[in-house]
Undergrad: 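For reference, the structure I am asking about is given below.
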Amino acid sequence: MTTTTKKKTRKTPAKSKANISIVPTVEAGKVTNAELVARRDASVARGVASAASIYASRAENSELWDVEGNRYVDFAGGIAVLNTGHRHPKVIAAAKAQEDHYTHTSFQVVPYEPYVALAEKLNALAPGDHAKKSLLVTTGAEAVENAVKIARAATGRPGVIAFTGGYHGRTLLTLGMTGKVSPYKKDVGPFPSDIFRAPFPSLRDGITVEDALTGLQNLFLTDAQPERVAAIIIEPVLGEGGYTPVPFEMMQALREICDTHGILLIADEIQAGFGRTGTWFAVEHSGVVPDLITVAKSMAGGYPIAGVIGRAEVMDAVIPGGLGGTYGGNPVACAAALAAIDAIEEEGLLARSTALGEHFRARFSEIGARVAPFRMWDIRGLGAMLAVEFVTDFETATPDADLTKAVVAHALKRGLILLACGMHGNALRIMVPLTASDAIIDEGIAIFEEALVAAIAEQNA
Ligand SMILES: Cc1ncc(COP(=O)(O)O)c(C=O)c1O
């Protein structure tokens with residue numbers, strides 16, 4: 001029996017009669033922040049906390065306007081994502097141009113050039129003159145998970161060593177590596193096995209580099225057989241953990257320890273990379289070449305993309321099909337990343353980061369001495385990845401999370417978006433776009449000072 005199938009022609013869908021806005025409530029004045037807080041409380045899981053109670057309407061470079069039309073200077077940059085600022089014209093143009101061609105094919109089905117071009121660029125930028133390859137995924141946690149998979153496949157070993165106060169993400173494997181209980185790990189364990197924790201050198205806890213290295217050697221004696229350890233992962237500058245740089249001698253010692261035991265060194269550059277510290281990657285300051293680097297955030301100026309860059313032979317340890325994901329290396333995000341990297345190069349943002357870091361450091365120490373004597377215990381960081389830590393007094397150096405929270409709240413009321421960090425929640429970190437003008441930087445610093453004065457006055461009242 002033969003059947004004839006009638007070929008259906010695809011009809012153009014009729015235009016919708018209703019003029020439905022596809023972008024809800026972005027225009028200022030249509031809804032209040034309070035209304036959105038109420039709607040959010042009723043509809044969004046409370047586990048997704050937001051630092052600010054304002055709702056974004058639009059943003060440009062280092063400024064943001066809320067739905068009520070209020071303007072803010074943005075020192076948070078969407079958690080260190082916006083080294084090139086909100087809506088960098090090059091990034092937006094590249095993303096729009098890509099959207100006019102295709103937005104998704106899945107690299108695992110029909111590959112595309114922007115993915116390859118970005119991998120080439122990342123391989124060229126990463127430290128070390130060995131052959132490199134890259135993998136693109138969507139989020140930082142996914143990059144870290146894949147770095148562990150790659151390290152395990154390459155070494156045939158299960159173990160991973162991470163550090164106190166480190167932050168590597170909120171998925172279950174990365175939570176096992178994240179070294180802070182509340183809020184990240186609270187109530188959601190158990191976590192995967194074969195993850196070990198070594199001490200991070202900490203001025204606050206009196207842990208020197210020597211102590212930290214002794215702790216690591218003790219870990220090898222007590223729990224983590226070195227021949228069963230695939231990787232040591234470390235943030236060259238602790239991000240969520242308080243913007244504390246790893247002392248260079250510690251990073252160099254880790255390299256040696258890894259080489260001695262055949263362990264791979266992973267630098268988690270997700271928060272510190274792409275110019276935040278004045279170099280492409282923060283690890284460059286120490287002269288150490290890691291085996292694998294995880295990247296995300298400011299790589300694409302606001303588009304969700306992440307990756308792992310590594311030694312070619314290590315990256316190729318996983319069999320075809322073992323890496324990837326439907327959206328991994330989305331072409332629009334790849335185009336945005338290529339443009340953001342171009343902007344960092346063309347606009348000299350690495351040098352700008354170093355200069356901004358010096359400016360913030362000088363201004364903060366002057367403000368601290370003048371309006372908050374003995375309350376700013378530490379001003380630390382690398383380049384423009386900088387934090388100030390608040391204490392109740394210098395003698396006990398007791399962390400003052402309440403003062404920190406109050407500064408953030410007073411700053412927001414006065415038009416500055418700030419974000420805290422640190423094991424004790426008592427550090428304020430600077431993640432301002434490196435593209436911000438000097439005038440906006442100084443405007444933000446002036447608001448910070450006013451907020452600090454108000455928060456201290458409130459405490460003393
Ligand atoms: C150092 C570091 N690693 C991993 C992550 C996780 O990235 P994501 O939030 O994109 O999953 C972050 C996020 O803040 C980070 O700072």
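In listed order, ligands and their atoms are each counted from 1.
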Undergrad: Below 3.5 angstrom, do we get any N/O pair linking Glu142 and ligand 1?
TA: no
Undergrad: Counting distance only, does the side-chain N/O of Ser298 pair as donor-acceptor with the main-chain N or O of Gln271 below 3.5 Å?
TA: no
Undergrad: Might you work through the salt bridge (Lys or Arg N to Asp or Glu O under 4.0 Å) test for Lys90 and Glu347, ending with a clear yes or no?
TA: CA-CA 11 Å; Lys90 264 196 116 161; Glu347 294 172 27; over 6 Å; no
Undergrad: Is there a heavy atom in Gly169 that sits closer than 4.0 Å to ligand 1?
TA: yes
Undergrad: Would you check if the side chain of Thr164 reaches a backbone N or O of Gly179 as a donor-acceptor pair within less than 3.5 Å?
TA: no
Undergrad: Which of the numbered atoms in ligand 1 are under 4.0 angstrom from any heavy atom belonging to Gln271?
TA: 14 (O), 16 (O)
Undergrad: Counting only pairs under 3.5 Å, give me each side-chain donor-acceptor contact of residues 375-387, with atom names and distances, residues two or more places apart or in other chains.
TA:
unit_1	atom_1	unit_2	atom_2	d
Arg375	NE	Val391	O	2.8
Arg375	NE	Thr392	O	3.3
Arg375	NH1	Gln459	OE1	3.3
Arg375	NH2	Asp400	OD2	2.7
Arg375	NH2	Gln459	OE1	2.8
Asp378	OD2	Arg380	NH1	2.9
Arg380	NE	Gly242	O	2.7
Arg380	NE	Thr244	OG1	3.3
Arg380	NH1	Glu389	OE1	2.6
Arg380	NH2	Gly242	O	2.9
Arg380	NH2	Glu389	OE1	3.2

Undergrad: Can you tell if the side chain of Ile263 reaches within under 4.5 Å of the side chain of Arg157, non-hydrogen atoms only?
TA: yes
Undergrad: Could a heavy atom of Ile79 be found less than 4.0 Å from some atom of ligand 1?
TA: no
Undergrad: Under a heavy-atom criterion of less than 4.0 Å, does Arg170 contact ligand 1?
TA: no
Undergrad: Should Val144 be counted as touching ligand 1, given the test is an N or O pair under 3.5 Å?
TA: no
Undergrad: My question is simple, although I want it checked carefully: is atom 16 (O) of ligand 1 less than 4.0 angstrom from any protein heavy atom?
TA: yes
Undergrad: Near Glu240, which atoms of ligand 1 are under 4.0 Å from a heavy atom of that residue?
TA: 14 (O)
Undergrad: Find all atoms of ligand 1 within a distance of less than 4.0 Å from any non-hydrogen atom belonging to Asp268, and give their numbers and elements.
TA: 1 (C), 2 (C), 3 (N), 4 (C)
Undergrad: Using a 4.0 Å cut-off to any heavy atom of Ala141, which atoms of ligand 1 qualify?
TA: 6 (C), 7 (O), 8 (P), 11 (O)
Undergrad: Mark yes when over 12 heavy atoms from residues, nucleotides or ligands other than Arg46 sit less than 6.0 Å from its CZ; otherwise mark no.
TA: no
Undergrad: Tell me whether the rings of Phe364 and Phe360 are parallel (<30°), tilted (30 to 60°) or perpendicular (>60°).
TA: tilted
Undergrad: Could you list which atoms of ligand 1 come closer than 4.0 Å to a heavy atom of Glu235?
TA: 1 (C)
Undergrad: Which residue owns the protein heavy atom closest to atom 10 (O) of ligand 1, what's the atom, and how far is it?
TA: Gly140 N, 2.8 Å
Undergrad: Determine whether Ile447 and Leu418 satisfy the following criterion, side chain to side chain contact (heavy atoms under 4.5 Å, CB included), listing intermediate values before the conclusion.
TA: CA-CA 10 Å; Ile447 300 174; Leu418 278 176; over 6 Å; no
Undergrad: Between Glu269 and Arg276, is a salt bridge (Lys or Arg N to Asp or Glu O under 4.0 Å) present by the stated rule, with each step listed?
TA: CA-CA 10 Å; Glu269 293 269 359; Arg276 191 74 235 159; over 6 Å; no
Undergrad: Which residue holds the protein heavy atom closest to atom 2 (C) of ligand 1, what is that atom called, and what is the gap in Å?
TA: Tyr167 O, 3.3 Å
